[in-house]
2 protein chains.
Amino acid sequence: MLIEVDFAGEVPIYTQVRDQIVIGIAAGLLKPGETLPSVRRLAADIGINVHTVNKAYSLLRDEGFLLMDRRSGAEIAPLMTEDPSFDELLSNKLIPVVAEAICRRMDIEDFCLTVRKTYSFIKRGGK
Amino acid sequence: MLIEVDFAGEVPIYTQVRDQIVIGIAAGLLKPGETLPSVRRLAADIGINVHTVNKAYSLLRDEGFLLMDRRSGAEIAPLMTEDPSFDELLSNKLIPVVAEAICRRMDIEDFCLTVRKTYSFIKRGGK
DNA sequence: CTATCTGTTATATAAGATATAGAACATGTA
DNA sequence: TACATGTTCTATATCTTATATAACAGATAG
């Protein structure tokens, strides 16, 4: 799976890498047990520093998306189990976004429509 | 409308202030034409620096939420008109969030349900 | 005119986040 | 032995965030 980085963007590089791997897992492009490139390898491929990749990997490990082993490297963790507490976390993330949509006079069902479109977009591997 | 700040949180203070005002507008607690406290006043009330409030206000002005006047201060801008380009902006914001929800095995309709709950939560003025 | 209130701008400082670089360590494998 | 893995350490540079102090331009109230 190709990972690309926008150096000019506002989003930190390690966040971009983290997000793209999460998106890859969601799309099914990265399956549980699959190994990721080593931190040195990915850093060289993208053209960024090893520590930046390591930060992204460590974050993903802490979030439960990756398993890391000193010897064998990083691999995709088994499918996560449903987590009821994610609902509140999600809601907190959505509050400012939904509020802005309301201000921009977007109908809530149009919002949900965009959510479903985004869902399909991810599922089909990003267009 | 009361504005509170979490100094220990990861979200920058000026972003917290910006978000709460957007939420206030969405909830109808802040109506078009209504004046906001002066930057000095709000800074003193919250216990933060004038420049931090000014950064939040300026950001809100650039986004079209506020009108600012050197003499009369800051006031809520007229209701925004619908903007088609907001759809793509929203989608880009949603991609990482939806992807994470998929990884956490959340059904897309449950996601939309949380969106609607968040919508109601905002509309009723935050509980 | 004086005093006071707006937003705005300028300069300065400090702390934290982000990204880079180079080196080394513990551990496993070929 | 040689090479690979993640991990840790030190160091540096830049940007963001937040603070502090001061001043300016314009408007208003006494």
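A note on names: the letters A, B, ... follow the listed sequences, proteins ahead of strands, and every chain is numbered from 1.
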note = The side-chain hydrogen bond (donor to acceptor under 3.5 Å, both in side chains) partners of Asp19(B) (sequence neighbours excluded) come to none

query = Less than 4.5 Å apart, any side-chain heavy atom of Leu42(B) and any of Ile48(B)?
reply = no

Distances for protein N/O vs nucleotides 10-17 of chain D N/O pairs under 3.5 angstrom?
unit_1, atom_1, unit_2, atom_2, d
dT17(D), OP1, Tyr14(B), OH, 3.0
dT17(D), OP2, Tyr14(B), OH, 3.2
dT17(D), OP2, Lys55(B), NZ, 3.1

Considering only nitrogen or oxygen atoms on both sides, find all protein atoms under 3.5 Å from nucleotides 26-30 of chain D and state each distance.
unit_1, atom_1, unit_2, atom_2, d
dA27(D), OP1, Arg71(B), NH1, 3.2

request  = Within residues 35-48 of chain A, find the residues that approach DNA chain C with a heavy atom at under 4.0 Å, and present them sorted by residue number.
outcome  = Arg40(A), Ile48(A)

key: Listed partners of Thr52(B) passing side-chain hydrogen bond (donor to acceptor under 3.5 Å, both in side chains), at least two apart   = none

ask   = Which atom names give the shortest non-hydrogen contact between Phe65(B) and Cys103(A), and what distance separates them?
value = CE2-CB, 3.5 Å

inquiry  = Going by salt bridge (charged side-chain N to carboxylate O under 4.0 Å, His left out), name the pairs with one or both residues in residues 62-82 of chain A, residues two or more places apart or in two chains.
reply    = Arg18(A)-Glu63(A), Asp69(A)-Arg71(A)

query = What are the two closest heavy atoms between Pro78(B) and Leu67(B), and how far apart are they?
reply = CD-CD1, 3.9 Å

Side-chain donor-acceptor pair present, Ser91(A), Thr118(B), cut-off under 3.5 Å = yes

message = Quick test of your reading: applying salt bridge (charged side-chain N to carboxylate O under 4.0 Å, His left out), list the pairs with at least one residue in residues 21-43 of chain A, sequence neighbours left out, ordered by first then second residue.
response = Arg41(A)-Asp45(A)

request  = Anything under 4.0 Å to a heavy atom of chain B counts; send over the first and last such nucleotide of DNA chain C, read 5' to 3'.
outcome  = dT6(C) to dA10(C)

query = Hydrophobic cluster mates of Tyr14(B), side-chain heavy atoms under 4.5 angstrom, ILVMFWY only, any path?
reply = Leu59(B)

remark   = So the salt bridge (charged side-chain N to carboxylate O under 4.0 Å, His left out) pairs with at least one residue in residues 84-97 of chain B (sequence neighbours excluded) are Glu100(A)-Lys93(B)

Partners passing side-chain hydrogen bond (donor to acceptor under 3.5 Å, both in side chains) against Asp110(A) (at least two apart in sequence or in another chain) = none

inquiry  = According to side-chain hydrogen bond (donor to acceptor under 3.5 Å, both in side chains), who are the partners of Ser38(B), at least two apart in sequence or on a separate chain?
reply    = none

